[in-house]
Amino acid sequence: MFGREKKKEVNLTEGSIVGGLIAFAVPLFLGQLLQQFYNMADAWVVGNFSSNDAFAAVSLASNLSFVVIGLFNGIALGGGVVISRYFGAKKEEQTSLAIHTNLLFGILAGILSTVVGLILVPTLLKWMNTPESVMPHALEYFNMYFAGVSTVILYNTCMSIMRAVGDSVRPLFYLLISSAVNVVLDLVFVAGFGWGAGGAAFATVIAQGLSVLLCLIRMCSGKDSIKIRLSDFKFDKEAMLRIIRQGLPGGIQNTVNSIGNMVVQSCINTFGAFAISGYGAFHKVEGIAFLPIMSMCMALPTFVSQNLGAGEVERAKKGTFIGIFMGCVFAEVMGLFIYFLSPYLIGAFVSSPEAVAYGVGHGRAVAFFLFLLGFTHCASGALRGCGKATIPMVTLLVCWCGIRILYVTTALKFFPVFQTISWAYPLTWGLSAVILFVCLLRLDWNNSRV
């Protein structure tokens, strides 16, 4: 299993730290770019070939969908940390058990998410103060999305398994294929057939399903560390407990933070459909700009966990601070681009001057503070790799959920303008960055475990 057939797996326990992080993170960056291309294709096609209300419905997708699937995605990513630790320690049997257990959990989680999502969507949309003109388009989008949400969860599960063993290249190839399919189907369903928001969701589900199929074919036919066999599909108690212990804090964090974001989104929705569209368009831009940072954030758990598994404590510690520094630099450079180019970037998604004004105003309010967001994400990734997933969970729940909600709901009563909402983000990013910085300085690396 740990022999010569790992050509596309990056060994993060030896060689240059910077070189290893970059070699592993670049395919992650390109994969995330393609994933954003999924979302951008939906937004661009709907924004240009359908109505503003349909675009606003698609803009609601990330927060609402993550309320349902965030828990399961967090557990899947936690499974990746467990697999990385076993893989770094060259424990073949435990690696295989963790892989099969994580994948089986992903299958069951996908089925449960479909049921829960279809039941909760109408209630959540009403709770978010979704405008009446947007509601039919939103229901159309989310009913289709959650009908096929298993493909989204299984995609994330497969990606976490491949990344855990240092393979960030093959997932990139699979995502490239499915992204091209997504764009074609968006144009056919939305621009051609006029299916609106529902057509965009249908295209996403089909394309994600294709990427899952390619991953499963690879893992079933492979002869290396991620070989899966139908006969080995079972819940291993020890592996599942480790996966839950590592992944549950992140899953809870995802879900609760998404609920917090929904509260903020409900406040945004009170400003009308143009505010929803402008804010949604900015997040498409931010999603692209933040890809280098997210790629480093995703690389750090694997890097840290593999090195701790191999007993390379100092290397894990040094790599953490190098990765965090790189992430902060990337974030601030992207912030400058957003500040100066936001009118043109946001205008690519929405044509209404009112919507563009909302998006530009929000973007320029947060652009210079993106280094705080970069630090928070990268530090959280490193702590998860150390088996300390509870620390970022508690920090982000307090700062990004509790304090953010308290600030927005209180401040809007005294300053009822859209910029009041925008300032919630740099304020809470700064608080979380300070807390995580202190936690990293006080961390006992020698006692880190999963």
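Proximity of a side-chain donor or acceptor of Ser277 to a complementary backbone N or O of Phe274 within less than 3.5 Å is not detected. Checked by atom type and distance alone, the side chain of Asn143 pairs as donor or acceptor with a backbone atom of Leu139 at under 3.5 Å. Proximity of a side-chain donor or acceptor of Gln306 to a complementary backbone N or O of Ala164 within less than 3.5 Å is detected. Ser179 places no side-chain N or O within 3.5 Å of a backbone atom of Leu176 that could act as its donor or acceptor partner. For Arg85 (side chain) and Gly385 (main-chain N/O), a donor-acceptor pair under 3.5 Å exists by modelled atom type. A donor-acceptor pair under 3.5 Å is absent between the side-chain atoms of Asn182 and the main chain of Ser178, judged by distance alone. In this structure, Tyr155 contributes its side chain and Cys215 its backbone to no donor-acceptor pair below 3.5 Å.
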Solution key, residues 108-128 side-chain donor-acceptor pairs under 3.5 Å, sequence neighbours excluded:
from: Ser113; atom 1: OG; to: Ala109; atom 2: O; distance (Å): 2.9
from: Thr114; atom 1: OG1; to: Gly110; atom 2: O; distance (Å): 3.2
from: Thr114; atom 1: OG1; to: Phe146; atom 2: O; distance (Å): 3.2

Please table the atom pairs, donor to acceptor, closer than 3.5 Å between any side-chain atom in residues 394-403 and protein atoms at least two apart or in another chain.
from: Thr395; atom 1: OG1; to: Ile391; atom 2: O; distance (Å): 2.8
from: Trp400; atom 1: NE1; to: Ser432; atom 2: OG; distance (Å): 3.2

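Under 3.5 Å, the side chains of His283 and Glu286 contain a donor-acceptor pair of N or O atoms.
Annotation for Pro301 and Gly381: closest pair CG-O, 3.2 Å, computed over non-hydrogen atoms. Ala379 approaches Leu440 most closely through the heavy-atom pair CB-CD1, 3.7 Å. Between Ala411 and Thr420, the shortest heavy-atom distance links the atoms CB-CG2, 3.5 Å. Nearest heavy atom pair, residue Ile346 against residue Val360, reads CD1-N, 3.4 Å. Looking at every heavy atom in both residues, Val205 comes nearest to Gly148 through CG1-CA, 3.7 Å.
Distance check: Phe303 CZ to Ile322 CD1 gives 7.5 Å after rounding to the nearest 0.5 Å.
For residues 326-346, the set of pairs meeting the ring-ring contact (aromatic ring centres under 6.0 Å, His included) definition, not counting sequence neighbours, comprises Tyr339-Phe368.
Taking 4.5 Å as the limit, every side-chain heavy atom of Ile293 sits out of range of all side-chain heavy atoms of Leu373. Looking only at side-chain heavy atoms (C-beta outward), Met296 and Cys328 stay at 4.5 Å or farther from each other.
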